[in-house]
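Below you'll find the structure, written out as structure tokens, and then a few comments.
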Amino acid sequence: MDYTRALAEAISPLCNLPAEEIEAWFETPKNAEMGDLAFPCFRLSKVLRKSPVEIANNLKCAVTLPEGISKAEAVAGYLNFYVDNACFAREVLSSVFEKGDSYGGADIGRGKTVVVEYSSINIAKPFHIGHLPTTVIGNSLANIYEALGYKVVRINHLGDWGTQFGKMLCAYEKWGEKPIEQYSVREMVSLYVRFHDEADRDESLLTQARAWFHRLESGDEKAVSLWKKMTSATLNEVSKVYDRLNVRFDSYAGEAFYEDKMPAIIDELRDKGIAKLDKGALIVDLSEWNMPPCIILKSDGSTIYATRDIAAACYRKATYDFDKCLYVVAYQQDLHFRQFFKVLELMGRDWVKDCVHVNFGMVSMEEGTLSTRHGNVVYLEDVLNAATSKTYEIICEKSPELEDKRAAAEAVGVGAIVWNSLYNSRIKDTSFSFSKVLNFEGETGPYVQYTYARASSVIRRCGQVDCSSFDCEKLTDPYSCALIKAIETFPEQVRQAAEKNEPYLVSRAVMNVCSAFNKFYYEVRIMADDHCERGARLALTAAARQVIKNGLTLLGLKAPERM
Ligand code: ARG
């Protein structure tokens with residue numbers, strides 16, 4: 001229901017101005033007692049040649065109130081309008097019940113494709129806490145775009161190429177103790193660490209590693225087969241973490257995938273005179289834009305990270321014909337993205353304007369949060385395990401009678417970690433401690449999930465909720481009104497989250513629904529004796545529960561019925 005629009009249309013004939021113009025003048029009164037929408041009458045002083053106070057008084061008598069507006073009051077040159085709360089409640093709740101799981105979604109993306117690249121972990125390297133934001137921000141953006149009707153392609157741009165694989169192969173050949181497919185990531189990492197230790201003493205290892213990488217590049221059967229096994233062993237292991245995080249991908253086309261797609265790009269850059277030789281390397285000079293050059297080929301002729309990104313962008317455009325391509329990557333790589341986007345622009349790829357680097361800040365853990373036995377690398381899996389077992393203890397204490405405590409602890413423990421990365425503007429550096437993220441009373445994932453479980457339990461206890469007929473006049477107390485308002489703003493926040501690529505707008509909107517629901521829960525007796533009151537309040541509870549669930553789902557968290 002667009003009240004502003006309807007009011008503008010009602011006022012328009014009274015002052016002979018187009019409704020579109022008038023619509024933009026409405027304001028929201030600072031104080032809720034002054035109504036829901038205010039029309040500043042001084043805007044009409046010139047046209048009507050009267051004082052704002054006079055105009056306000058005249059308009060009040062002349063205007064026909066549109067449906068859903070209960071009254072108008074002239075105050076100090078303003079005409080304040082009051083929304084009919086019962087009517088508003090009916091509109092909002094029926095929209096929630098009608099849309100159900102898709103409330104918050106829309107079809108503004110119909111026919112459009114968004115590529116979302118996220119997580120992009122490195123093969124044979126730890127899946128560490130630094131990958132948490134990209135993984136969960138990317139996943140929730142993908143969910144949000146999908147809910148808005150876009151076709152979404154989820155890509156994990158694996159770091160599966162580069163000279164470090166020569167070192168890995170060399171180390172494995174020398175010190176490998178069992179079939180490579182039986183190696184855990186931690187074991188692969190220690191092989192790599194050992195390589196560096198020994199290479200400090202024996203430089204010939206570096207030459208051997210280069211030879212191994214050369215074998216890999218030229219398709220040598222043994223090298224390729226070992227490398228493939230390393231990749232699948234890594235993916236096998238991380239897929240467990242992805243499952244726990246509710247994260248999935250449509251494509252794992254990583255850096256290696258672009259090996260055979262680079263020569264065409266390199267030729268084009270040369271032929272068009274965009275790239276030039278500089279001390280044996282092929283570079284694109286970007287000094288005009290105050291950036292260091294983008295290196296395309298090193299002096300030994302090998303390609304680098306940026307070359308692969310240029311090829312990947314072109315491939316994605318050709319394959320998916322995206323309307324938008326998001327790269328969810330830490331801000332440390334800001335320069336890299338500006339550089340290769342500029343190179344694409346110089347190549348005449350005007351679609352590069354649709355490529356967006358969705359950057360984010362760092363996560364760190366407060367001192368003593370987790371002991372790091374493996375140097376200073378914190379494995380994400382260890383963080384999830386610790387969160388889950390701490391949550392298990394809390395649940396045993398809070399709800400000893402709960403049946404499936406392990407499952408609840410998994411949903412809430414993992415959810416707490418995910419929520420923490422999605423509750424602030426992405427660019428902020430964040431730190432966390434378990435006591436903060438697992439605080440059931442703070443603005444945390446557990447608080448939201450707990451609110452969801454609470455609403456679910458109310459519904460369970462009452463048996464049936466009648467979502468089709470309830471008396472909206474019973475939902476006009478301030479607590480119900482505030483909750484209905486919070487529910488009503490949810491879909492707009494989902495749209496905003498996509499527009500700004502900021503999932504925290506969704507988590508804030510869910511948090512608003514939760515705090516409004518909890519106030520409602522404490523202040524208003526849901527199980528009222530009056531049959532009508534109870535019916536209406538249960539319907540509102542059911543609507544709030546639905547919105548919390550939809551929000552949790554968009555963010556990638558589970559919605560536990562009990563906890
Ligand atoms: N694998 C890289 C890393 O862990 C991130 C890749 C980012 N994506 C890209 N298209 N460059 O640092």
Side-chain angles (χ1 to χ4, degrees), residues 114-139 141-142 153-165 168 185 188-189 192 227 230-231 234-235 237-238 241-242 245 247 249-259 261-262 265 284 291 294-296 303-320 322 324-344 349 351-352 354-364 376-381 421 426-427 501:
V114 180
V115 168
V116 187
E117 185 216 288
Y118 59 106
S119 204
S120 301
I121 52 154
N122 302 319
I123 297 303
K125 289 276 177 65
F127 186 2
H128 59 77
I129 184 125
H131 293 116
L132 178 66
T134 166
T135 306
V136 302
I137 293 171
N139 181 54
L141 285 176
V153 186
R154 301 160 183 256
I155 300 182
N156 195 334
H157 185 75
L158 298 177
D160 56 359
W161 203 245
T163 48
Q164 70 272 27
F165 288 94
M168 278 301 298
V185 169
M188 290 191 248
V189 171
Y192 190 68
W227 166 80
M230 270 194 276
T231 303
T234 308
L235 288 182
E237 197 175 310
V238 299
V241 179
Y242 285 143
L245 294 170
V247 166
F249 299 96
D250 299 307
S251 159
Y252 288 86
E255 297 188 38
F257 180 76
Y258 299 100
E259 256 307 88
K261 296 166 186 65
M262 285 184 289
I265 299 287
V284 179
M291 287 187 271
C294 183
I295 299 169
I296 304 296
T303 59
I304 64 161
Y305 188 51
T307 330
R308 293 190 272 279
D309 260 324
I310 296 168
C314 295
Y315 175 84
R316 288 174 191 172
K317 182 66 190 176
T319 309
Y320 306 115
F322 57 72
K324 231 190 244 185
C325 177
L326 310 183
Y327 295 82
V328 186
V329 180
Y331 68 60
Q332 279 88 343
Q333 299 198 29
D334 279 1
L335 176 63
H336 165 71
F337 281 94
R338 285 202 292 126
Q339 284 178 303
F340 88 80
F341 286 172
K342 181 54 89 181
V343 173
L344 283 163
R349 305 294 201 274
W351 47 259
V352 71
D354 305 320
C355 295
V356 187
H357 176 203
V358 178
N359 55 4
F360 56 83
M362 299 210 300
V363 234
S364 56
N376 41 25
V377 180
V378 178
Y379 283 71
L380 187 51
E381 193 185 4
S421 280
R426 1 177 205 93
I427 203 66
N501 295 314

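Atoms within a ligand are numbered from 1 in the order they appear, just like the ligands themselves.
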Given the rule in the ring pair (Phe, Tyr, Trp, His ring centres under 6.0 Å) test, do Y327 and F341 qualify, once you have shown the distances and angles that lead to the verdict? CA-CA 12 Å; Y327 295 82; F341 286 172; 5.8 Å; yes
Ring center gap for F165 and Y192 short of 6.0 angstrom: no
Strictly under 6.0 Å, is that where the ring centroids of W161 and F257 end up? no
Name the option, out of N122, I155, D160, I123, that contains the heavy atom nearest to atom 4 (O) of ligand 1. N122
Could you check whether the rings of H357 and F337 sit parallel, tilted or perpendicular, using 30° and 60° as the cut-offs? parallel
Sub-3.5 Å N/O-N/O distance, D309 and ligand 1: yes
Ligand 1 atoms nearer than 4.0 angstrom to some heavy atom of Y327 are 10 (N)
Please write down residue, atom name and distance for the protein heavy atom closest to atom 7 (C) of ligand 1. Y305 OH, 3.3 Å
Starting from atom 8 (N) of ligand 1, find the nearest protein heavy-atom neighbour and note its residue, name and distance. E117 OE2, 2.8 Å
Mark yes or no for whether S251, through its side chain, and I155, through its backbone, hold a donor-acceptor pair below 3.5 Å. no
Heavy-atom pair of closest approach, residues S119 and F249: CB-CZ, 3.6 Å
Any heavy atom of H131 sitting closer than 4.0 Å to ligand 1? yes
Quick one: does Q333 get a heavy atom under 4.0 Å from ligand 1? yes
Does L158 approach ligand 1 within less than 4.0 angstrom via side chain, backbone, both or neither, non-hydrogen atoms only? neither
